[in-house]
Asker: 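First the structure, then my questions, so here it is.
Heavy atoms only: backbone and side chains are in, while hydrogens, waters and symmetry mates are out. Numbers restart at 1 for each chain; the letters A, B, ... are given by sequence-line order, proteins then strands. Predicted model only: the values in this text are computed from it and were never measured.
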There are 2 protein chains.
Amino acid sequence: MSKSPAPVLIAESCCPPLTDARIPADTALALAPAFKALGDPVRLQLMSMIASAPDGEACVCDLTPAFDLTGPTISHHLRTLREAGLVTAERRGTWVYYRAQAGLMRQLAGLLAVDALVS
Amino acid sequence: MSKSPAPVLIAESCCPPLTDARIPADTALALAPAFKALGDPVRLQLMSMIASAPDGEACVCDLTPAFDLTGPTISHHLRTLREAGLVTAERRGTWVYYRAQAGLMRQLAGLLAVDALVS
DNA sequence: CTTCTGCTTAGACGAGTGTCAACCTAGACT
DNA sequence: AGTCTAGGTTGACACTCGTCTAAGCAGAAG
């Protein structure tokens with residue numbers, strides 16, 4: 001657990017919207033994996049279930065049965081989200097709990113922000 | 001041009017944040033392709049260049065030389081963005097101009113929004 | 001009409017991805 | 001010790017993706 005490759009986190013100062021300035025290649029390279037991780041319906045749902053969980057964390061034992069997929073497959077998707085820096089995992093006794101990383105989510109949301117005026 | 005498969009657009013009413021409610025499978029299925037399209041560094045930069053262009057549109061002739069890739073490859077990435085519903089293309093004379101679709105961008109940003117209070 | 005330029009399409013190839021069955025590890029409990 | 005359960009890991013498979021070269025198409029300009 002927690003031996004993910006430590007996704008290159010962008011300077012914590014959050015990102016100017018895509019619409020405001022051209023993204024530097026480095027930033028694109030660092031953030032694309034997070035978008036990529038969200039680019040699968042199963043992972044998008046997993047992310048949603050984790051982020052919206054009552055106490056901010058969800059047990060794998062609750063996530064797995066929600067899909068028509070085998071355990072290993074869900075585990076694989078969770079690992080992808082972990083390696084993208086979107087969630088963290090913590091084992092407590094028998095169960096493993098996943099928690100969303102709000103910082104990165106905010107960073108992505110900030111990138112996509114569009115000034116309502118322009119549109 | 002414009003013969004893209006018309007990405008299933010979610011009801012225009014925008015999305016409750018991921019953190020608020022569990023995403024329905026249909027919504028995840030419809031929105032995942034957009035995230036997937038942004039999940040490549042080249043496309044993320046292309047999207048940024050288009051969205052931040054002076055008049056809201058960018059000419060392919062300006063986009064292509066910004067990368068160390070062949071024309072067809074850039075064209076392929078632009079098609080992916082088009083089919084994801086993130087941009088639209090318009091030919092004017094010799095050149096083709098791409099424009100960002102603010103609606104979908106806002107939808108994605110809304111999904112990732114995190115209430116500052118919680119976190 | 002012919003030619004040139006800007007962009008897209010078609011086909012091919014190696015690399016990556018989603019899925020599964022089989023196996024393995026970590027804790028809890030006898 | 002042994003056993004059970006929750007998850008993760010491995011290895012395999014078909015499929016998709018990013019990239020290229022080569023060919024095609026649409027306007028503009030001879």
Asker: Can you tell me how far the NE2 atom of His76(B) sits from the CZ atom of Arg43(B), to the nearest 0.5 Å?
Answerer: 6.0 Å
Asker: Within this structure, what is the CG-to-C1' distance between Leu81(B) and dT8(C), rounded to whole angstrom?
Answerer: 15 Å
Asker: Please work out if Gly93(B) contacts a base, only the sugar-phosphate, or nothing of the nucleic acid, heavy-atom cut-off 4.0 Å.
Answerer: sugar-phosphate
Asker: For the atom pair CG (Leu86(A)) and CE (Met105(A)), what is the distance rounded to the nearest 0.5 Å?
Answerer: 8.0 Å
Asker: What is the distance, to the nearest angstrom, from the CG atom on Leu29(B) to the C1' atom on dG18(C)?
Answerer: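 Atom CG in Leu29(B) sits about 14 Å away from atom C1' in dG18(C).
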Asker: To the nearest angstrom, how far is Leu46(B) atom CG from dC7(C) atom C1'?
Answerer: 14 Å
Asker: Mind checking the CG-CG spacing from Leu111(B) to Leu108(A)? Nearest 0.5 Å is all I need.
Answerer: 11.5 Å
Asker: Using atom CZ of Arg91(B) as one end and atom C1' of dT8(C) as the other, report the distance to the nearest whole Å.
Answerer: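 Spelled out: CZ on Arg91(B) to C1' on dT8(C) is 9 Å.
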Asker: Rounded to whole Å, please give me the gap between CG in Leu63(A) and P in dG7(D).
Answerer: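 Atom-to-atom, Leu63(A) to dG7(D), this comes out as 9 Å.
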Asker: Could you give the CD-to-P distance, from Glu90(A) to dG8(D), as a whole number of Å?
Answerer: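 So the two atoms are 13 Å apart, to the nearest Å.
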Asker: Which whole-number value in Å describes the distance from Ile74(B) CD1 to dG6(C) P?
Answerer: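 About 16 Å, once rounded to whole Å.
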Asker: Quantified as the angle between the terminal helix axes (five pairs each), what is the overall bend of the helix from dC1(C)-dG30(D) to dT30(C)-dA1(D) to 10 degrees?
Answerer: 10°
Asker: Could you check whether Thr94(A) gets within reach of a base, just the sugar-phosphate, or nothing at all, counting any heavy atom under 4.0 Å?
Answerer: sugar-phosphate
Asker: Please list, pair by pair, any protein nitrogen or oxygen found under 3.5 Å from a nitrogen or oxygen in nucleotides 12-19 of chain D.
Answerer:
| unit_1 | atom_1 | unit_2 | atom_2 | d |
| --- | --- | --- | --- | --- |
| dC17(D) | OP1 | Lys36(B) | NZ | 2.9 |
| dG18(D) | OP1 | Arg43(B) | NH1 | 3.3 |
| dG18(D) | OP1 | Arg43(B) | NH2 | 2.9 |
| dG18(D) | OP2 | Arg43(B) | NH1 | 3.3 |
| dT19(D) | OP2 | His77(B) | NE2 | 2.3 |

